[in-house]
Asks: 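Encoded as structure tokens, here's the structure I'll be asking about.
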Amino acid sequence: MSPAILTYGSLAAAIVLEVIGTTFLQQSQQFTRVLPTILMGICYLAAFYLLSIALRTLPVGIAYAIWSGLGIVLISAVGLILFRQTLDAAAIIGLGLIIAGVVVVNVFSNSISH
């Protein structure tokens, strides 16, 4: 497996698991429901382990920018679809700017070895 696939695959899986964990956090109802709380913890532990694999190659600031940026966008989509939460125009514009920031970091930053 190439280092780039391992790095970005681990980071992508970490982001997805963090979003799933955050979804379970919402469903745990402030840790009062046992199963969602346990699943949240498992997802977060796995997400941080996978993030640590990505950090072997990526600088922590770059990895965290990608992690948090895409995590925010994805959990907003989950909130919109699964929990019927709404996003106003300012939120949508802000999320678009976050996506643009992640693209700029990945395409133009010299901090990442492509």
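Because the structure is predicted, anything quoted here is derived from the model rather than measured.
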Asks: Going by distance alone, is a donor N or O of one side chain under 3.5 Å from an acceptor N or O of the other, for Q26 and T22?
Replies: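 On atom types as modelled, these side chains do not qualify, holding no pair under 3.5 Å.
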Asks: Consider only side-chain heavy atoms of I, L, V, M, F, W and Y, link residues closer than 4.5 Å, and tell whether F48 and I62 are in one cluster.
Replies: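 Linked within one cluster.
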Asks: Report yes if the side chains of L11 and L50 come closer than 4.5 Å at any heavy-atom pair, otherwise no.
Replies: no
Asks: Please confirm whether the backbone N or O of L25 pairs with a side-chain atom of S28, one donor and one acceptor, at under 3.5 Å?
Replies: yes
Asks: Quick check: closest heavy atoms across V60 and L55, and the distance to 0.1 Å?
Replies: CA-CD2, 3.6 Å
Asks: Test F83 against T23 for side chain to side chain contact (heavy atoms under 4.5 Å, CB included), laying out the working first.
Replies: CA-CA 9 Å; F83 301 120; T23 302; 3.8 Å; yes
Asks: Contact between V102 and I99 at the side-chain level, heavy atoms closer than 4.5 Å - yes or no?
Replies: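 No, too far: nothing below the 4.5 Å cut-off.
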Asks: Within a strict 4.5 Å, meaning less than it, do heavy atoms of the Q27 and L82 side chains meet?
Replies: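 The answer is yes, as the side chains (C-beta and beyond) meet within the 4.5 Å cut-off.
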Asks: Nearest 0.5 Å please: distance from the OG atom of S10 over to the CZ atom of R56.
Replies: 7.5 Å
Asks: Can you name the closest pair of heavy atoms from E18 and G71 and give their distance?
Replies: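 What the structure gives for the nearest pair is OE1-CA, 4.0 Å.
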Asks: To the nearest 0.5 Å, what is the distance between CG on L80 and CD1 on I75?
Replies: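 Result: 11.5 Å between the selected atoms.
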Asks: Taking a hydrophobic cluster as the set of Ile, Leu, Val, Met, Phe, Trp and Tyr residues connected by side-chain heavy atoms closer than 4.5 Å, whether directly or through intermediates, do I72 and L87 fall within one such cluster?
Replies: yes
Asks: Nearest 0.5 Å please: distance from the CD1 atom of I92 over to the OG1 atom of T86.
Replies: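 Between I92 CD1 and T86 OG1, I get 9.0 Å after rounding to 0.5 Å.
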Asks: Under 3.5 Å, is there a donor-acceptor pair between the side chain of T32 and the main chain of Q29?
Replies: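 Checking the backbone N and O of Q29 against the side chain of T32, a donor-acceptor pair under 3.5 Å is found.
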Asks: Looking at side-chain heavy atoms only, is the closest gap between Y64 and L58 below 4.5 Å?
Replies: no
Asks: Within a strict 4.5 Å, meaning less than it, do heavy atoms of the F108 and V103 side chains meet?
Replies: no
Asks: Could you give the distance from CE (M40) to CG (L35), rounded to the nearest 0.5 Å?
Replies: 11.5 Å
Asks: Once rounded to the nearest 0.5 Å, what's the spacing between atom CG of L51 and atom CG of L17?
Replies: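 Result: 11.5 Å between the selected atoms.
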Asks: Can you check whether L6 reaches I53 side chain to side chain, under 4.5 Å on heavy atoms?
Replies: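 Yes, side chains in contact.
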Asks: How close do F24 and P36 get, heavy atom to heavy atom, and via which atoms?
Replies: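 Answer, listing the atom of F24 first, then P36: CB-O, 3.4 Å.
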Asks: With clusters built from Ile, Leu, Val, Met, Phe, Trp and Tyr whose side-chain heavy atoms come within less than 4.5 Å, directly or transitively, what are the remaining members of the cluster of I38, listed by chain and number?
Replies: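 Via sub-4.5 Å side-chain contacts, I38 links to V34, I42.
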Asks: Taking all atoms of both residues into account, what is the closest heavy-atom pair of W67 and A14, and its distance?
Replies: CZ3-CB, 3.5 Å
Asks: Could you tell me the separation between the OG1 atom of T37 and the CZ atom of F31, rounded to the nearest 0.5 Å?
Replies: 6.0 Å
